[in-house]
Amino acid sequence: MKSPLLSLPGAVPAEGVDEGVAAHYGDLFREQRALAEGTGFVDLSHRGVVTVTGDDRLSWLHLLLTQHVSDLPTGQATEALILSANGHIEHALYLVDDGTSVWAHVEPGSQEALIAYLESMKFFYRVEVADRTADTAVVHLPAGSIAQAPASAVVRETPYGRDLFLPREELEAFAAQAGPAAGILAHEALRVEQHRPRLGFETDHRTIPHELGWIGTAVHLQKGCYRGQETVARVQNLGKPPRRLVFLHLDGSDVHLPPNGAEIRLADDGPDGRKIGFITTSVRHHELGPVALALVKRNVPVDARLMAEDTAAAQETVVEP
């Protein structure tokens with residue numbers, strides 16, 4: 001979905017998975033500062049939108065998701081995962097129930113696979129699953145924003161701000177009164193600062209929730225069975241995850257950021273040392289400078305000096321070893 005807001009002054013299109021919205025509007029740090037101060041908005045209209053409607057929607061989703069949603073209050077935001085049978089993360093859903101339907105936004109392009117899975121699990125439950133991406137745009141208002149959400153929007157309020165499920169035909173009118181617009185790079189920089197993982201960035205084909213700190217926020221440990229629960233319970237009760245998420249302060253003297261996937265080694269081992277992790281997201285932050293999220297082996301000492309390719313990095317613990 002190509003956003004009409006790419007026609008705003010200064011808009012530079014994003015690439016990769018975020019193609020379709022603006023990477024920035026000409027001043028990355030100004031856009032970050034605006035969001036941090038609670039002003040402006042972020043166009044996330046490229047994200048997939050899925051609804052589940054019907055009397056059994058919450059009890060049915062409760063059986064499939066990692067989160068406890070059977071009694072989810074109307075208007076209360078939550079997030080949840082869908083795991084493989086081996087406990088690996090397949091989908092991340094950002095949810096709210098409006099009293100009639102559960103609304104979820106998901107990674108761009110992932111809604112078709114998600115819907116196919118949900119449809120295969122309907123059986124005799126009174127639920128209807130719909131892809132609303134074509135008619136609904138997601139817009140993010142930062143924490144502290146006093147912008148008014150249109151009456152037509154479904155609002156998902158979190159500690160990090162409000163996600164609006166907005167009729168797509170209202171997107172341009174909303175942008176005209178909710179500005180200034182901030183690009184996806186500003187949004188990503190604040191996400192990294194907040195240590196929040198993102199599917200497809202902090203995850204690979206074998207990521208389990210414990211590695212990213214998704215236990216508690218997206219995984220409820222006291223709910224009933226769901227696919228992949230055995231792995232979650234086993235790691236929680238008997239062991240530790242093989243990897244852990246860390247926050248990295250990168251050497252600011254380097255012109256280039258280490259790209260996503262850049263190999264991480266112990267600085268003391270030199271350039272030929274053993275790979276002990278990789279960069280998942282690297283950004284330039286308006287206050288912190290170059291920073292990143294990364295996955296490293298669990299047994300890497302928390303005070304170890306690291307190298308991301310040729311860039312020195314100091315780590316902060318996100319997930320405890």
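The shown structure was predicted, so the numbers you read here are calculated from the model rather than taken from an experiment.
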Is it the case that one hydrophobic cluster holds both [X] and [Y], taking links as side-chain heavy atoms less than 4.5 Å apart, direct or via other members?
X	Y	value
Val17	Leu199	no
Tyr160	Leu185	no
Val50	Trp60	yes
Phe123	Leu63	yes
Ile279	Val319	no

Which heavy atom of [X] sits nearest a heavy atom of [Y], and at what distance?
X	Y	result
Leu166	Ala153	CD1-CB, 4.1 Å
Ala137	Arg168	CA-NH2, 4.0 Å
Glu202	Thr207	O-OG1, 4.1 Å
Ala186	Leu28	N-CD1, 3.7 Å
Ala34	Pro180	CB-CG, 4.5 Å
Phe278	Gly261	CB-O, 3.9 Å

How many angstroms lie between [atom1] in [X] and [atom2] in [Y], if you round to the nearest 0.5 Å?
X	Y	atom1	atom2	value
Leu93	Leu61	CG	CG	8.0 Å
Leu257	Arg284	CG	CZ	4.0 Å
Leu58	Leu65	CG	CG	10.0 Å
His286	Asp27	NE2	CG	12.0 Å
Ile82	Glu90	CD1	CD	8.0 Å
Glu31	Leu190	CD	CG	11.0 Å

Look at the side chain of [X] and the backbone N and O of [Y], then say whether any donor-acceptor pair between them is shorter than 3.5 Å.
X	Y	answer
His210	Val232	yes
Arg132	Ala104	no
Arg156	Thr78	yes
Ser84	Asn86	yes
His62	Ser70	yes
Thr66	Leu81	yes
Thr280	Leu293	yes
Glu15	Ala23	no
Asp18	Ala14	no
Arg227	Leu83	yes

I'd like to know if [X] pairs up with [Y] as an ion pair, taking the criterion as any Lys NZ or Arg NE/NH1/NH2 lying under 4.0 Å from an Asp or Glu carboxylate oxygen.
X	Y	value
Glu320	Arg244	no
Glu128	Lys122	yes
Lys240	Glu211	no
Glu263	Arg265	yes
Arg198	Glu107	yes

Please tabulate, one pair per line, all N/O donor-acceptor pairs under 3.5 Å involving side-chain atoms of residues 301-310, not counting sequence neighbours.
from, atom 1, to, atom 2, distance (Å)
Arg305, NH2, Asp268, OD1, 2.4

Query raised in the report: Does the cation-pi check pass for Arg191 over Phe201, that is, NZ or CZ under 6.0 Å from the six-membered ring centre and within 45° of its axis?
Result: yes

Report task. Determine, step by step, whether Gln32 and His285 satisfy the side-chain contact (heavy atoms from CB on, under 4.5 Å) criterion, reporting the C-alpha distance in whole Å, the side-chain angles of both residues, the deciding distance to 0.1 Å, and the verdict. Result -> CA-CA 8 Å; Gln32 286 186 36; His285 190 274; 4.0 Å; yes

Query - Residue pairs passing the salt bridge (Lys or Arg N to Asp or Glu O under 4.0 Å) test where at least one lies in residues 52-72, sequence neighbours excluded - result: Asp55-Arg126, Asp56-Arg126, Arg57-Asp97

Report summary line: Only one of Asp163, Thr53, Thr136, Asp98 passes side chain to side chain donor-acceptor pair (under 3.5 Å) with Trp103, and that residue is Asp98

Requested in this report: Determine whether more than 12 heavy atoms belonging to other residues, nucleotides or ligands lie under 6.0 Å from atom NZ of Lys275.
Outcome: yes

Query raised in the report: Between His105 and Tyr94, what is the ring plane arrangement, given parallel below 30°, perpendicular above 60°, and tilted in between?
Result: parallel

**Report entry** Sequence neighbours excluded - ring-ring contact (aromatic ring centres under 6.0 Å, His included) pairs with any residue from residues 220-261
**Finding:** His68-His220, His195-Phe247, Phe247-His249

Query raised in the report: Given Val154 and Leu164, is the side-chain contact (heavy atoms from CB on, under 4.5 Å) satisfied, shown in steps?
Result: CA-CA 6 Å; Val154 175; Leu164 310 185; over 6 Å; no

Requested in this report: Would you check if there is a donor-acceptor pair between the side chains of Asp131 and Thr133 at a distance under 3.5 Å?
Outcome: yes

**Report entry** Short side-chain donor-acceptor distance under 3.5 Å, Glu170 and Ser152
**Finding:** yes

Query raised in the report: Side chains of Ser3 and Leu171: closer than 4.5 Å at any heavy-atom pair?
Result: yes

Report task. Compute the centroid of each ring, for His205 and then for His88, and state whether the two points are separated by less than 6.0 Å. Result -> no

